[in-house]
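Working notes, structure below.
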Amino acid sequence: MPSLTPLHETYCRIDDRPLSQADVLEGLAQLLSSRLGGAVHHVVFAIQRELLFNFLGINELQSQKLLYLPYVKKIYQIASQTSQHSGQFLLAPGLRHLVDVFPKLHQKKLNPSLHFLVGILNGVLGNYLLHHHNPLAVPMLLYDHYGEVQQGDLVGKIVIFIHGVCMSHADWTGARHGGIPDKLIAQRGNKTLLYLNYNSGRRISANGRSLSNLLADLVARNPRITSIDFIGHSMGGLVARSAIFYGKQELHDWLYMTENLVCLGSPHHGAGLERFSFTIQQKLGNFPIVKLFGHLVNIRSNGILDLRHGSVRDDDWEHHDMRIGSLDDNRKPAPIPAHINAFFVAGTLEHENKNHLALKILGDYLVSVESALGEHPNPRFDLKVPAAHKAVFYGLNHFAIQYHPSVAEQIAAWLYPASDEVSENNVHQYLVNVSDLDGIA
């Protein structure tokens, strides 16, 4: 029986079966047949109220009377049912019929396109999918370098790659760019590369607890593992930090085997884009058009909400009066244990170090440089990473960081330093050739 938070978000979902193509079709059929847990219904209803209030000059009492008149309610019900008719009565049965006609879809693995689709759906709707037991909800699993679920004995060092929001384990090993994994494979040493897949729409702390428990089980089954490294992109770095926090609280053996934590563009102190959308929603909410968009903005997953301030602990969010929380940063500190070497990489849209304030705040267009480097004016939240363990790449956006060969070179130098390498006291800074990525957005 999984333990539950006050918001009924499961901490750990035990499921060792990866999604099949049949799961995807059934999951899509369920989405087409539902109202997304009433979210669409409430958004439409709220937009109607805003139109009545702001454009027609009707007050709340008048709107209540109008919207609940029998014939108005009937019109609303007909419109709502019509909008669902094509999904519920045409598309959904069609998808289920495909599964009936081709039963082998239950054994077929997801191709890259389906991994891409499922990753996005989990990032945006992950908490809904989990709450409603939709087959699209991704279970937390470790995969090997060839895309198979990890099996067999593990020996020596393991390196665990953790993807970001709306992505999947398959994003690390794309055919076009070997990137960081291939660079690390080329280094000497007995190591195994593993890739975590998880539902990025869940609370970051929920995924952190799940990862901590998964690693406890992994180490118990593989006593010859000698050390663990994490490499996390974006939200993946926060999930790793959350797992480390709960691993320390629960005194798991794997924590003391953890040597290195590498974070690529992780919003340790929040993502500006999430805060910006929330600020617009709150501060400009009295303007009719903005309020209409505000209702739509509220349909975003718990995981995305956690990116506002980089929340990695349960008590950062579980006592909020509202699911979306507030603009104030009420996080609790989650320091990195002293025995773990932390390395942080930041990207910036600047193409050279001109210290342009606007671009410095914008960073890689999702995460500021200071947030990615774990720097904070309050010493309680500053992650105290040594300057030589930080790197800023000029000309790289948030997603290019994960693939660029210069980033891979820096990580390899950090994790496998040459014996004659001299330690530096300053942050590493690089001007990169973005054409190396052949158009990666």
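Computed from a prediction, not measured in an experiment: that's the story for all the values here. Each residue takes its place number in the sequence, starting with 1.
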Any carboxylate oxygen within less than 4.0 angstrom of a Lys/Arg side-chain nitrogen, looking at D314 and R203?
no

Derivation and outcome, side chain to side chain contact (heavy atoms under 4.5 Å, CB included), residues M140 and L214:
CA-CA 8 Å; M140 182 172 283; L214 182 150; 3.8 Å; yes

Please answer whether the main-chain N or O of D229 pairs with a side-chain N or O of N260 as donor and acceptor at a distance below 3.5 Å.
no

Please indicate whether N111 has more than 12 foreign heavy atoms, meaning atoms of other residues, nucleotides or ligands, lying under 6.0 Å from its CG.
yes

Salt bridge (charged side-chain N to carboxylate O under 4.0 Å, His left out) between K384 and D382, intermediate numbers included
CA-CA 5 Å; K384 300 177 175 60; D382 190 283; 5.1 Å; no

More than 12 non-hydrogen atoms from neighbouring residues, nucleotides or ligands closer than 6.0 Å to OH on Y256, yes or no?
yes

Show the nearest heavy-atom pair for residues H163 and W172, with the distance to one decimal.
N-NE1, 3.5 Å

Out of curiosity, L184 CG to I411 CD1, how far, rounded to the nearest 0.5 Å?
7.0 Å

Side-chain donor or acceptor of S266 paired with backbone N/O of H268 under 3.5 Å:
no

Going by distance alone, is a donor N or O of one side chain under 3.5 Å from an acceptor N or O of the other, for K157 and S227?
yes

So how far is it from L129 CG to H131 NE2, rounded to the nearest 0.5 Å?
11.5 Å

Are Y246 and H252 close enough that their ring centers fall under 6.0 Å?
no

Would you say H309's side chain and S311's backbone share a donor-acceptor pair under 3.5 angstrom?
no

Report the relative orientation of the aromatic rings in F161 and Y195; use parallel for angles under 30°, tilted for 30 to 60°, perpendicular for over 60°.
parallel

Side chain of N397, backbone of A400: donor and acceptor closer than 3.5 Å?
yes

Search all heavy atoms of G374 against all heavy atoms of H269 and return the closest pair with its distance.
O-NE2, 3.1 Å

To the closest 0.5 Å, what do you measure between CD1 (I336) and CG (L383)?
5.0 Å

Given side chain to side chain contact (heavy atoms under 4.5 Å, CB included), test L307 with I204 step by step and report yes or no.
CA-CA 9 Å; L307 294 177; I204 290 173; 4.0 Å; yes

Give the ring-plane orientation class for F230 versus W254, where under 30° counts as parallel, over 60° as perpendicular and anything between as tilted.
perpendicular

In the structure I gave you, are the side-chain heavy atoms of R380 and P333 within less than 4.5 Å of one another anywhere?
yes

Could you label the plane-to-plane angle of the H169 and H115 rings as parallel, tilted or perpendicular, counting under 30° as parallel and over 60° as perpendicular?
perpendicular

Treating D171 as the side-chain partner and S168 as the backbone partner, does any N or O pair qualify as donor plus acceptor under 3.5 Å?
yes

Could you walk me through whether D153 and R221 satisfy the salt bridge (charged side-chain N to carboxylate O under 4.0 Å, His left out) test, starting with their C-alpha distance in whole Å, then the side-chain angles of each, then the deciding distance to 0.1 Å, before giving a yes or no?
CA-CA 8 Å; D153 296 335; R221 291 186 290 106; over 6 Å; no

Residues S301 and N127: side-chain donor-acceptor under 3.5 angstrom
no

Pairing residues for E409 by the side chain to side chain donor-acceptor pair (under 3.5 Å) criterion, not counting sequence neighbours
K183

Checking the side chain of D144 only, and the main-chain atoms of V149 only, is there a donor and an acceptor separated by less than 3.5 Å?
no

For N302, does its backbone N or O pair with a side-chain atom of R202 as donor and acceptor, under 3.5 Å?
no

If we ignore angles and hydrogens, is there a donor and acceptor under 3.5 Å between the side chains of N213 and S210?
no

Atom pair OH/CG of Y198 and L211 - distance to nearest 0.5 Å
9.5 Å

Pairwise side-chain contact, V155 with I225, heavy-atom cut-off 4.5 Å (strictly under)
no

Would you say the side chain of E148 lies within less than 4.5 Å of the side chain of K109, judging by non-hydrogen atoms?
yes

Looking only at heavy atoms, which two atoms of K390 and L373 are closest? And how far apart?
CE-O, 3.7 Å

Heavy-atom check, side chain of H233 versus side chain of F399, under 4.5 Å:
yes

Quick one: does N122's side chain have a donor or acceptor within less than 3.5 Å of a partner on G201's backbone?
no

Does any part of the side chain of N134, heavy atoms only, come nearer than 4.5 Å to the side chain of L125, both counted from C-beta?
no

Which atom names give the shortest non-hydrogen contact between C166 and G123, and what distance separates them?
SG-CA, 3.6 Å

Full working for side-chain hydrogen bond (donor to acceptor under 3.5 Å, both in side chains) between N341 and H389:
CA-CA 8 Å; N341 298 310; H389 289 197; 5.2 Å; no

In short, S242 meets S205 closest at the heavy-atom pair OG-CA, 3.4 Å

Any chance you could measure K191, atom NZ, to L154, atom CG, to the nearest 0.5 Å?
14.5 Å

Please answer whether the main-chain N or O of V312 pairs with a side-chain N or O of K332 as donor and acceptor at a distance below 3.5 Å.
no

Taking the side chain as everything from C-beta on, heavy atoms only, tell me whether L28 gets closer than 4.5 Å to L121.
yes

Please round to the nearest 0.5 Å and tell me the distance separating atom CG of L114 and atom OG of S20.
10.0 Å

Side chain to side chain contact (heavy atoms under 4.5 Å, CB included) for L194 and V159? Distances and angles first, verdict last.
CA-CA 6 Å; L194 300 176; V159 182; over 6 Å; no

Taking all non-hydrogen atoms of both residues, which atom of Y403 and which atom of M167 are closest, and how far apart?
OH-CE, 4.0 Å

Apply side chain to side chain contact (heavy atoms under 4.5 Å, CB included) to the pair I340 and E259, showing each step before the final yes or no.
CA-CA 5 Å; I340 297 176; E259 292 185 348; over 6 Å; no

Does Y128 reach the side chain of L31, with side-chain heavy atoms less than 4.5 Å apart?
yes

Is any side-chain heavy atom of F343 closer than 4.5 Å to a side-chain heavy atom of L261?
no

Among L142, I158, L196, side-chain contact (heavy atoms from CB on, under 4.5 Å) partner for Q150:
L142

Going by atom types only, do H398 and S234 share a side-chain donor-acceptor pair under 3.5 Å?
yes

Checking R241 side chain against A334 main chain: does a donor-acceptor pair fall under 3.5 Å?
yes

